[in-house]
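Below: one structure, written as structure tokens.
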Amino acid sequence: MSHLVHTSQDGCRIVEIMNNAKEPSSSECNCPTEQMDWLRVQDSLKGQLITEDDFKWRLPTREKEGSCEILKYVGGVDLSFSKDDSSIACGTLVVLDLQTLKVVYEDSSIVRLQIPYIPGFLAFREAPVLLELLDKMKNNAHCFYPQLLMVDGNGLLHPRGFGLACHIGVLADLPTVGVGKNLHHVDGLTQSRVRELLQAADSPENVLPLIGDSGYTWGAAMQSSQGSLKPIFISLGHRISLTTAIEIVRMTCRFRVPEPIRQADIRSRERLRNNQ
DNA sequence: GCGACAG
DNA sequence: ATCTTGTCGC
């Protein structure tokens, strides 16, 4: 079933680091040991990942049979960091009305993060705050609770096929889409290669499937706005297909970064300035 | 050995 | 992620 025959580069590197470790220092709980736990967590959660459309709503553009819930509330999450103290962060959740692209809900939380950013393990740093914001909203049975969540970070487009968007999607049991502003090099996919493919592409849609050396499709690159040659990188997070993910991202792009994520970014940065 | 590495 | 002003253009 799984075409992810990609060997874990990170896993190899970690083992290498452990072999070279000189001091099995007490419980400084630095990297190697904890990262091996994280690898197991990612592998485990990945077993619950759903990579096709799995929701009861439909897109407003798809005028099919009526009497079906329509996608209206799209959420977005992001974190901003203090320039002074990089361990201080503000996590923000916004919900937009898909038709008007106006924010109908906003909540944020300022926290002190203990976990550093390690490529391939972003979720262990950022997911807890964001999941808490979602949980808080769900417990209040808020009527604006998102039917879909856009995440600032990748989904399948990840060394082990399980980025932040997948992580949040599975743990919150919510359809999610990952949007990266920079390419995480995986399976032979590089910036230069994407650039040349994007130019050579006949695609009238300004989208390009990201197919790696293995033949696996990790996501898509999209030139989302006229003014920017620099693409965004879309990958499915959970309970959605890549095709549907692309369609929804396109619907929410007023500028390069889709509005739900852009608003979460703007507002989290703003709150950090005025509050601490 | 060297480079690459989401936010 | 963050450090940073103006500037060119619709």
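Order of the sequence lines fixes the chain letters, A, B, ..., with proteins taken first and strands second; residue numbering starts at 1 for each chain.
Whole-Å rounding puts the A/Ile118 CD1 to B/dC5 C1' distance at 12 Å. To the nearest angstrom, P of C/dA1 lies 15 Å from NE2 of A/His184. Atom pair A/Ile168:CD1 and B/dA6:P shows a separation of 17 Å (rounding to whole Å applied). Following rounding to the nearest Å, A/Ile88 (CD1) and C/dT2 (C1') show an atom-to-atom distance of 15 Å. Nucleotide B/dG7 holds its C1' atom 14 Å from the CZ atom of A/Phe233, rounded to whole Å. Rounded to whole angstrom, the span from the CG atom of A/Leu189 across to the P atom of B/dG3 amounts to 22 Å. In this structure, A/Phe255 atom CZ and C/dC10 atom C1' are separated by 12 Å, rounded to whole Å. Taking atom NE2 of A/His185 as the reference point, atom C1' of B/dA4 lies 7 Å away to the nearest angstrom.
When heavy atoms are screened at a 4.0 angstrom cut-off, A/Gly163 is found touching base atoms of the nucleic acid. Among the protein residues, A/Ser80 comes within range of the sugar-phosphate backbone only, with heavy atoms under 4.0 Å from sugar or phosphate atoms but none that close to a base. At the heavy-atom level, A/Asn182 lies under 4.0 Å from the strands shown only through sugar-phosphate atoms. Among the protein residues, A/Leu183 comes within range of the sugar-phosphate backbone only, with heavy atoms under 4.0 Å from sugar or phosphate atoms but none that close to a base.
No aromatic stack links A/Phe81 and the base of C/dA1, using centre distance under 5.5 Å and interplanar angle under 30°.
For the OP1/OP2 pair of B/dA6 and a distance below 4.0 Å, the side-chain nitrogens and oxygens of A/His158 include no atom meeting the criterion. Side-chain nitrogen and oxygen atoms of A/Gln191 include none within less than 4.0 Å of the OP1 or OP2 phosphate oxygen of B/dG3. Listed pair A/Lys83 / C/dT4 fails the phosphate criterion, with no side-chain N or O lying under 4.0 Å from OP1 or OP2. Within the structure, a side-chain polar atom (N or O) of A/Arg269 is placed less than 4.0 Å from OP1 or OP2 of C/dT2.
Checked against a 6.0 Å centroid threshold, the rings of A/Phe233 and A/His184 do not count as neighbours.
Remark: the backbone N or O of A/Asp135 is paired with a side-chain donor or acceptor of A/Asn139 at under 3.5 angstrom.
For the atom pair CG (A/Asp54) and CG (A/Asp173), the distance works out to 8.0 Å, reported to the nearest 0.5 Å.
Using cut-offs of 30° and 60° for the angle between ring planes, the A/Trp218 and A/Tyr216 rings count as perpendicular.
Between A/Glu69 and A/Gln147, the closest side-chain pair of non-hydrogen atoms falls below 4.5 Å.
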